[in-house]
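Note on naming: letters A, B, ... go to the chains in the order of the sequence lines (proteins, then strands), and numbering restarts at 1 for each one.
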Amino acid sequence: MEGQHPLNASFHGSMRSRDSSSTAGSDAREKIKDCFRKFIAFMFTQVGVGALVVCYAILGAAGFMHIEKDSPDQQLKDVQQWRSNCAEELWNITVNVNVFNETAWVVRVNKVLKIYQNNITAAIHTGYNGRSAEDIWSFPAALMYSLSVFTMIGYGNVIPKTVWGKVMTIAYACFGIPIYVLYFCNMGKVLAQSFKWLYITAHECSRRDDALFEDGEMQTIKRKITVPSTACLWVISFYILSGTIMFGAWEKWNYLDSTYFCVISLCKIGFGDFVPGANIADSAGGSHLKLVINFIYVLLGMGLVAMCYNLMCEDVRVKVRELREDLKSCLDDITLKITMCMNDTKYYHQKQMRHVK
Amino acid sequence: MPRRKRRLASRIRAYIRGLLAFLFSNVGVIVLVVAYTIAGAFMFQAIEGAGEVDRAARMEQLRNSTAQYLWENVTLTLNLFNETALKEMINIELKEYQVEIVWAVRHGWDGGRSSRQWSFSSAFLYSLTVITTIGYGHLSPKTNWGKVITIMYALLGMPLFLLYLSNVGELLARWFKCIYALICLCRGCPGFTRRRVDRFRPQLEISDVESIERPQGWWTRYSDSDITPEYRDPYPRGYQRRPDYLRSISMPQPWESPHYQDPRNRGWSEPLPRSPSEATSEFSYVTFDAQTITVPISVCISILVGYIMFGSMIFCMWEKWDQLDGAYFCFISLSSIGFGDFVPGERVYTPRIETSFIVCSLYLMLGMALVAMCFNLMQEQVIHYFAGIKRALKRLCRCKR
C-alpha cells in the first residue's frame with residue numbers, strides 16, 4: 001500500500017496541473033513540472049521499476065568486472081607451485097628408492113599425493129576453481145553475480161576476492177535490495193491484478209453456460225471471487241516445468257537436477273551447486289541470448305512468486321474468515337443444543353442475561 | 001454474588017486465552033521452528049550421511065590408482081636419468097589428478113578433514129539455511145532423495161519461518177519501542193525525571209480546557225511514583241515531537257515555534273494557548289502509550305550495524321578471520337544472500353565445533369528476527385514520512401491555486 005501513495009500523489013498532481021495548464025494557457029515552467037511528474041509516475045510503474053532493476057544489474061556487473069578482473073591471482077600461482085613441488089618430490093623418490101621395489105615406491109608416492117590433495121582441497125574451500133580471475137569474471141558471470149546479490153539468492157559460485165570487491169558487494173546489496181523489493185511488490189501487485197482479471201473473466205465465461213439454468217440466482221448470489229490457491233500453484237508448477245525443460249536441454253542436466261535448480265533459485269535459497277552461468281560462460285562467445293533468457297527467467301519467476309504470494313495471502317485470509325464464521329456458528333449451535341438438552345432453566349436464564357448485557 | 005463470580009470466571013478465561021495466544025504466537029512458533037529444524041537435521045543426516053562413506057572410499061581408491069599409474073606408465077617406461085621428461089609426465093598426470101579432486105570436492109567430498117561431514121550440527125545448520133533461504137551451499141544434497149526432500153522441506157519450511165519472522169519481529173519491535181521510550185526519551189533515570197518534574201511543577205499552569213478534560217484526581221495520581229515513566233513524562237527535554245503531533249501527522253503549527261523556543265518550558269511544558277480542537281489530543285496524551293511513538297531510522301540502522309559488528313567480533317575470535325571478512329560474512333548471512341565462501345565451523349577441528357555451530361545458528365535466527373524488527377520499525381517511520389510529504393505536497397498545490 002505504501003508504494004501506492006507517491007504514485008497516487010504524483011498522478012493526481014499531474015492530472016490537476018494538466019487541467020490548469022489547459023485553462024491558464026501554456027506555461028513553460030508548468031510544462032517542465034508536468035514532464036517531471038510524469039517521469040516520476042512512470043518510474044514508479046512496473047516498466048520503470050523493471051528498467052531500473054535491469055540497469056542496476058548491468059551497472060553492477062560492469063563495476064564488479066572492473067574491480068575483480070585485475071585482482072592478483074595468488075592462488076593459481078600457489079597451485080602451480082604445489083604441483084611442481086610435488087613432481088620434484090616424486091623425482092627424488094624415484095632417484096632414491098630402488099626402481100624394482102614397487103611397494104615401497106607406491107607407499108611413499110601415496111604419502112606425497114595425500115599432502116598434495118589436502119593442499120588442493122584447502123585451496124578449493126577458499127575459492128579456487130582452476131580458472132583465473134579474467135576467465136571467471138566474464139560479463140555474463142558478473143551479471144549473474146549482481147543478480148544473485150540483489151535478489152538475495154547468493155549462488156556463491158563466483159565470489160569477490162579483493163577487499164574492494166567485498167566492500168562494494170555490501171554497498172551494492174544495501175542499495176539493491178530495496179530496489180528489488182520495490183520491483184517484487186510492484187510486479188506482484190500488477191501480475192496478481194491481471195491474473196485475477198483473467199481468472200474472473202474465464203470464470204464468468206464458463207459460468208454463463210450454466211447460468212441458463214439458474215439465471216435467477218445469478219444476481220442474488222454475487223460473491224466476491226478470489227483466485228483459489230490451486231490455480232497459483234498450477235501457474236508456478238508450469239513455470240518450474242518450463243524452466244526444467246529449458247535448462248535440461250541447455251545444460252545437459254537431468255530433469256531432477258534442473259527442477260532442483262529452479263526451486264532452489266525461486267525460493268532464493270541458492271546453494272550454488274548447479275549454476276547455469278558457469279556452463280554458459282564456458283561455451284563462451286555468442287551465448288549472450290541464453291544468458292539474457294536466463295536472467296529474464298529468474299527475474300520473471302520472482303515476479304510470479306510475488307504474484308502467487310499476493311493471491312494466496314488473500315485466499316488464505318478469506319478461507320480463515322469463513323472458517324472462523326463456520327466455527328462460530330457451529331459452536332453456537334452446540335451450546336444451544338447442550339443448553340436445551342440439559343434443560344437447565346437457570347443456566348439458560350443466565351446465558352440470556354449475559355447476552356442482553 | 002453471582003455477578004462477581006462470573007466476573008472472576010471471565011477473568012480467568014481471559015487469562016487462559018491470553019496464555020494460549022502467547023504460546024501460539026511467540027514461544028509456540030519458536031519451538032515449532034526449532035523442532036522443525038531438528039527434525040530436518042535428523043532426516044538429512046539419515047539420507048545424506050550414507051553416501052558419504054562411499055565417497056571417501058572412492059577417493060582413496062583414486063589416489064591409489066594414480067600412484068599405480070605413475071609407477072607403471074611413467075617410472076618404468078621412461079629412462080630414469082631423463083629428469084625433465086619424467087617431471088613433465090608427472091606434471092601432466094598430477095594435473096589430471098587435480099581435476100579429479102576438484103570435481104570430487106565440488107560434488108561433496110570434504111577432503112577427509114572431518115570424520116563426518118553430515119554430523120548433527122552441520123545438518124542442523126544445513127536445514128536452517130534452507131528454511132531461512134540463506135543457502136550457503138557448502139553442504140548440498142548429492143543423492144536424488146536428498147534433492148527431492150530438500151524441495152519439500154523448503155516449500156513447507158519457508159512459510160513457517162516467515163510466520164516466525166513476522167511474529168517475533170513484531171514482538172521485538174514492541175519491546176524495543178518500550179525500551180526506547182524508557183531509555184531514550186526519559187533518559188533512563190526515574191529519579192532524574194521526578195526531580196525535573198518537581199522543579200517544573202510550580203511553573204505549570206493548567207488551562208481551563210485541560211482541567212475540564214482531565215479526570216478528577218489526575219494530579220494526585222500524577223504525583224504517585226507508581227506510574228510508568230513514559231506515562232509520567234511524555235515531554236522530556238530534547239524530545240522534539242509530541243505524541244499528538246505524531247498521531248495526527250501534520251505540518252508544524254504556527255503556535256509551536258514560540259513554545260519550543262522558550263528554554264524554560266522545553267523540558268516539561270504545557271502549551272498554554274490551545275484551541276478546543278487540541279483538547280482531545282491533549283486528553284489522549286494523558287493515556288500516553290509507548291506504542292504510538294515511532295523510532296527513527298538511524299536508531300534501527302545503528303542497531304543493525306552494532307549487531308553485525310558484534311557478530312564479526314565473535315567470528316573473528318573463533319575462526320581467525322579479519323574484521324572485514326567477519327563483517328562481510330555477517331552481512332551476507334543476515335541479508336540471506338549466503339554465498340558460502342565463509343562458513344562457520346569450517347576451520348575448527350577442536351571440540352568447539354559444536355558450540356560454534358550452536359552459537360552460529362542462534363546468531364542467525366536472532367539476527368533474522370532483528371532484521372525483521374528493524375524493517376517493521378522503519379516501515380512505520382517511512383509511512384509516516386510519506387504521509388507528511390503527501391500532506392505537504394497537497395498543501396503546496398492548494399496554496400498555488
Exercise for the section: Heavy-atom distances under 4.5 Å only: say whether A:L113 touches chain B with side chain, backbone, both or neither. Expected result: both
Exercise for the section: Decide yes or no for A:K268 and B:S336: does some side-chain heavy atom of the first lie under 4.5 Å from some side-chain heavy atom of the second? Expected result: no
Fill in the blank from the handout: Correct closest heavy-atom pair for A:A173 and B:I337 would be CB-CD1, 4.1 Å
Handout entry: chain B contact via A:I170 - side chain, backbone, both or neither, heavy atoms under 4.5 Å
Key = both
Completion exercise
Bottom line for B:P159: the part with an atom under 4.5 Å from chain A's heavy atoms is neither
Fill in the blank from the handout: Honestly, the part of A:V149 sitting under 4.5 Å from a heavy atom of chain B is both
Exercise for the section: Can you tell which part of A:F150 gets under 4.5 Å to a heavy atom of chain B, answering side chain, backbone, both or neither? Expected result: neither
Handout entry: Validation row: B:S140, A:Y260 side chains within 4.5 angstrom (heavy atoms)
Key = yes
Handout entry: Heavy-atom pair with the smallest gap, counting every atom of B:N64 and A:N110
Key = OD1-ND2, 2.6 Å
Exercise for the section: Under 4.5 Å heavy-atom distance to chain B, tell me which part of A:V163 shows up: side chain, backbone, both or neither. Expected result: both
Practice task
Sort A:Y145 into side chain, backbone, both or neither according to what part of it lies under 4.5 angstrom from a heavy atom of chain B.
Solution key: side chain
Exercise for the section: Check each atom of B:I134 against the heavy atoms of chain A and say whether the ones under 4.5 Å are side chain, backbone, both or neither. Expected result: backbone
Practice task
Measure the shortest side-chain to side-chain distance between B:T150 and A:I264 over non-hydrogen atoms and say whether it is less than 4.5 angstrom.
Solution key: yes
Problem - Neighbour count >12 (heavy atoms, 6.0 Å) for atom CD, B:Q68 - result: yes
Practice task
Give the intermediate values and the outcome of side chain to side chain contact (heavy atoms under 4.5 Å, CB included) for residues A:Y155 and B:F339.
Solution key: CA-CA 6 Å; A:Y155 287 123; B:F339 284 133; over 6 Å; no
Exercise for the section: Can you see which heavy atom on B:L155 is nearest to which on A:C267, and at what distance? Expected result: CD2-SG, 4.3 Å
Practice task
Examine whether an atom of A:S148 lies under 4.5 Å from a heavy atom of chain B, and if so say whether it belongs to the side chain, the backbone or both; otherwise answer neither.
Solution key: both
Practice task
Answer with side chain, backbone, both or neither: which region of B:Y136 has an atom nearer than 4.5 Å to a non-hydrogen atom of chain A?
Solution key: backbone
Practice task
Please assess B:K147 against A:F261 for the test side chain to side chain contact (heavy atoms under 4.5 Å, CB included), listing each intermediate value before the final yes or no.
Solution key: CA-CA 10 Å; B:K147 282 167 192 168; A:F261 164 76; over 6 Å; no
Problem - Pair A:K166 + B:D325: basic N to acidic O under 4.0 Å - result: yes
Problem - Minimum side-chain heavy-atom gap A:M152-B:T133 below 4.5 Å - result: no
